[in-house]
Participant: 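This is the structure I want to talk about, given as structure tokens.
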Amino acid sequence: MNYDKIMKLALERGFFFPSGEVYADSTAGFWEYGPTGVSFKNKFIELWRRELVRKDRMMEIDGSQIMSQSVFEASGHLSSFADPIVKCQKCKSTYRADKLVAEIVKIEVPESIDTSEIDKIISEKNVVCPKCKGDFESTRRFNMMFKVGIGPESENAFLRPETCQSIFIDFPRLFKTMRGKLPIGIAQIGKSFRNEISPRQSLLRLREFYQAEIEVFCNPNKLNELDKFSAVENTELNLFINGNIQTVSCKKAIDENILPNKLVAYYLGLLAEFYQKTGIDMKKTRFRKLGEKEKAFYATAAFDFEVETSIGWLELVACNYRSDFDLKGHSNKSKEKFEVLDQDDKVLPHVFELSMGIDRSLYSILEHNFHEDEKNDRTFLSLKPYLSPIHVGVLSLVKKDGLAEKTNEIFSQIRIKYDAFLDHSGTIGRRYRRLDEIGTPLAITIDHQTLQDKTVTVRIRDSMNQERIKISEIDSFVAEATAFP
RNA sequence: GCGGAGUUAGUCCAGACUGGCAGGACGUCAGCUUCCCAAGCUGAAGGCCGCGGGUUCAAAUCCCGCACUCCGCACCA
């Protein structure tokens, strides 16, 4: 299975690996990026910045990872980001208490129900463990946020479960000082933390993970007044709604009322254009409209951008229309004003968010670009050159006759500007294979002819073809081949 | 959390049943072959056999606990 092959590649070639693996008490759900992975991740982030932040003239911030209790009281995470769970006394099976009770007793159970209410229903209706008929322990709430104690008095605070809360909180200051005008996107990249009960599958379900979040603040009365919509009107979206998949342009999605408004369609379009450029196979992607029960507690409309991998459909981006849920919550709690002027209207902006999982995206790109080339006895990653961890290998055909020295010299000329990798050892074919495995698009080889006429060969990863260029042309050649689109 | 299967070199795996020197392949490194696609030859490094405890003269091997990984279940704003 390709998942296993990607994992092996990741471990062997420095993409990512488990955190703290030399210690037996290292816990699941924490992974680290190695040199190859960091280089790849940095380039992915740069592409995100270019295609979303810069293209749409967003603001980018970098907020705290630890935030006080009030933040999460206002955001709803303290009460709603916790599931009521019950545990069987006998067989120790754990269940979602509200769901279990709803199913067995056939009654509606509100998500915010008090745990004592659930216990009452359980004892009154004699609800027992479906597996072993055992009795339950008392219902308790399992909050997925990591709690931390600040200072000597251990004041309550939490590691953020999503990066966006600081965007909401910072919004009034940013809007005023940075001369904001609706609609405006505020973006942030950083780590978020969730105490998953059962993390699985390496980068796909982590307890500590990277998010790239964009919160678009807008006037809810002007969701169809968006001049820039014309930029994406021909961009195609794979929309998966109520079990039907259809590929339509953004324009058609609006004209036929498939999407609720131009603002939503515009950002889904931008997102699709971004992923196109990551090298993900867009034929294996879809925007799935979430049903009422699947949506997050703050969302009024939600689309998940999903990608098909060897282990099934994977959610990469949650696109939620959060209405004024967050700004209203923070406004009530903090007594600060979050309304802003939009021309002459005083409005509490609504928010549409694009909440991207970076780690999952990186995995998906690797899997969609992984190839086993049996004819040439190699595996390679067909990564976009601008995302490749190494842009160019610099190799000496043989070490002697002054070729090694010349190779070092050429490497020194380009190694600051590009991610270049110097390699003298082993046979040339093996060195090309190694570069192929991490998706290096170019390899420059210095041979005997180099010393005579100041030319080198450039070997292209995908075709394995070679051409000869002048040393003086290396810079412009590599620059062009590895430029962002 | 539950059930099942696993964990031995960077990777994949043998050895375990029947306790007795820690092995193989690939990879890595150095050298040779004057060499443009994983060739060959020579040599080398790399392991507290997941962690902790127990039984034993002796434990990778038997027993107990824990952690992690994978597969199901449950969970996953």
Side-chain angles (χ1 to χ4, degrees), chain A residues 1 3-5 7-14 17-30 34 72 75-77 79-88 90-97 99-100 111 129-132 142-145 161-162 164 192 194-202 204-207 290 294-299 302 304 311 315 318 320 322 325-326 353 355 373 375-380 395-401 403 424-437 443-449 456-459 461 464-466 468:
Chain A
M1 189 165 131
Y3 174 81
D4 298 321
K5 290 172 184 167
M7 286 308 299
K8 186 178 176 190
L9 180 69
L11 291 168
E12 282 186 331
R13 294 285 175 241
F17 43 83
S19 180
E21 54 186 340
V22 301
Y23 286 108
D25 65 350
S26 295
T27 43
F30 299 93
F72 300 110
S75 73
H77 284 89
S79 55
S80 301
F81 200 57
D83 295 329
I85 55 173
V86 283
K87 195 173 183 179
C88 171
K90 200 167 140 197
C91 73
K92 307 293 180 198
S93 296
T94 308
Y95 302 90
R96 263 289 286 271
K99 290 191 174 175
L100 183 78
E111 203 185 298
C129 174
K131 268 190 196 158
C132 73
F142 175 72
N143 195 295
M144 304 231 316
M145 287 194 292
E162 52 179 7
C164 59
S192 290
R194 295 179 191 178
N195 200 358
E196 295 283 353
I197 297 169
S198 170
R200 287 276 166 93
Q201 289 166 325
S202 63
L204 305 185
R205 201 137 132 233
L206 294 161
R207 287 185 168 131
L290 269 57
E294 293 179 288
K295 291 186 302 197
F297 62 86
Y298 45 68
D304 278 353
I311 52 169
E315 174 196 338
N320 294 307
R322 299 175 74 125
F325 182 93
D326 302 279
E353 85 171 347
S355 175
D373 178 357
K375 179 164 153 263
N376 294 300
D377 195 16
R378 64 173 186 158
T379 62
F380 70 104
L395 317 175
S396 49
L397 185 61
V398 293
K399 256 183 272 190
K400 49 189 181 180
D401 302 334
L403 292 187
H424 294 302
S425 68
T427 61
I428 195 74
R430 185 181 297 278
R431 283 177 278 163
Y432 287 146
R433 294 297 181 281
R434 262 198 300 252
L435 291 167
D436 285 343
E437 270 192 81
I444 288 170
T445 301
I446 286 76
D447 57 16
H448 290 96
Q449 192 180 330
V456 296
T457 63
V458 179
R459 182 255 196 191
R461 174 194 66 202
M464 296 173 69
N465 289 337
Q466 284 178 284
R468 194 162 267 279

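Throughout, a chain's letter reflects where its sequence line sits, starting with A, and its residues are numbered from 1.
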Participant: Examine A:R459 relative to A:Y432 and say whether NZ or CZ is less than 6.0 Å from the centre of the six-membered ring and inside a 45° cone about the ring axis.
Facilitator: yes
Participant: Would you please confirm or rule out a distance under 4.0 Å between OP1 or OP2 of B:U33 and any side-chain N or O of A:K400?
Facilitator: yes
Participant: Considering heavy-atom distances to RNA chain B, does A:I446 or A:M144 have its closest nucleotide positioned more toward the 5' end?
Facilitator: A:I446
Participant: Could you give the distance separating B:G10 and B:G54 at their C1' atoms, to the nearest angstrom?
Facilitator: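 Nearest-Å result for B:G54 against B:G10 at atom C1': 33 Å.
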Participant: Among A:V398, A:L395, A:L397, which one satisfies side chain to side chain contact (heavy atoms under 4.5 Å, CB included) with A:D447?
Facilitator: A:L397
Participant: Do A:D373 and A:D436 make a side-chain contact, defined as non-hydrogen atoms from C-beta onward lying under 4.5 Å apart?
Facilitator: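 They are not in contact (no side-chain heavy atoms under 4.5 Å apart), so the answer is no.
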Participant: Are any of the side-chain heavy atoms of A:R434 and A:R431 separated by less than 4.5 Å?
Facilitator: yes
Participant: For atom P, what is the distance between B:C49 and B:U11, given to the nearest Å?
Facilitator: 16 Å
Participant: I'd like the C1' distance from B:A14 over to B:A25, given in whole Å.
Facilitator: 10 Å
Participant: What is the base-pairing partner of B:C51, counting Watson-Crick and G-U wobble geometry with both distances under 3.5 Å?
Facilitator: B:G65
Participant: By nearest atom, which of the nucleotides B:C36, B:C35, B:U33 is closest to the A:D447 side chain?
Facilitator: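 So the nucleotide nearest the side chain must be B:C36.
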Participant: May I have the step-by-step check of side chain to side chain contact (heavy atoms under 4.5 Å, CB included) for A:E437 and A:L9, ending in yes or no?
Facilitator: CA-CA 8 Å; A:E437 270 192 81; A:L9 180 69; 3.4 Å; yes
Participant: Suppose you measure atom P in B:U28 against the same atom in B:C64; what distance do you get, rounded to whole Å?
Facilitator: 42 Å
Participant: May I ask which nucleotide in the shown strands pairs with B:C70, Watson-Crick or G-U wobble, both distances under 3.5 Å?
Facilitator: B:G4
Participant: Can you tell me how far P in B:G65 sits from the matching atom in B:A74, rounded to whole Å?
Facilitator: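 Rounded to whole Å, the distance is 27 Å.
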Participant: Quick one: which of B:C36, B:C35, B:A30 gets closest to the side chain of A:S425?
Facilitator: B:A30
Participant: Mind checking if A:K375 touches a base, just sugar-phosphate, or nothing, with heavy atoms under 4.0 Å?
Facilitator: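 Nothing, no nucleic acid heavy atom in range.
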Participant: Under the rule for salt bridge (charged side-chain N to carboxylate O under 4.0 Å, His left out), what residues qualify as partners of A:D401, not counting sequence neighbours?
Facilitator: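 With neighbours one apart ignored, the set is empty.
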Participant: Is B:A30 paired to anything, Watson-Crick or G-U wobble with both distances less than 3.5 Å, and if yes, which nucleotide?
Facilitator: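 The answer is B:U42, by the H-bond criterion.
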Participant: Taking atom P in both B:G72 and B:G31, compute the distance separating them and give it to the nearest angstrom.
Facilitator: 48 Å
Participant: Contact class for A:P18 vs. all strands (heavy atom < 4.0 Å): base, sugar-phosphate, or nothing?
Facilitator: nothing
Participant: Expressed in whole Å, how much space separates the P atoms belonging to B:G50 and B:C17?
Facilitator: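 Looking at atom P only, B:G50 and B:C17 are 16 Å apart.
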Participant: Write down the distance separating the P atoms in B:G27 and B:C41, rounded off to the nearest Å.
Facilitator: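 After rounding to an integer number of Å, I get 12 Å for this pair.
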Participant: Encode nucleotides 38-52 of chain B as B, S and - characters from 5' to 3', where the letter depends on protein heavy atoms closer than 4.0 Å: B to the base, S only to sugar-phosphate, - to neither.
Facilitator: BB-----------S-
Participant: Looking at B:C35, which nucleotide sits across from it as a Watson-Crick or G-U wobble partner, both distances under 3.5 angstrom, or is there none?
Facilitator: none
Participant: Are A:L11 and A:P18 side-chain neighbours, meaning at least one heavy-atom pair lies under 4.5 Å?
Facilitator: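 With C-beta onward as the side chain, the pair touches.
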Participant: Please confirm whether the shortest side-chain N or O distance from A:K399 to OP1 or OP2 of B:U34 is below 4.0 Å.
Facilitator: no
Participant: For A:T457, answer base if it contacts any base atom (sugar-phosphate contacts may also be present), sugar-phosphate if it contacts only those atoms, and nothing otherwise; contact means non-hydrogen atoms under 4.0 Å.
Facilitator: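 The residue A:T457 makes base contact.
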Participant: Go nucleotide by nucleotide along RNA chain B from the 5' end; which of A:Q466 and A:E162 gets its closest nucleotide reached first?
Facilitator: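 Residue closer to the 5' terminus by nearest nucleotide: A:Q466.
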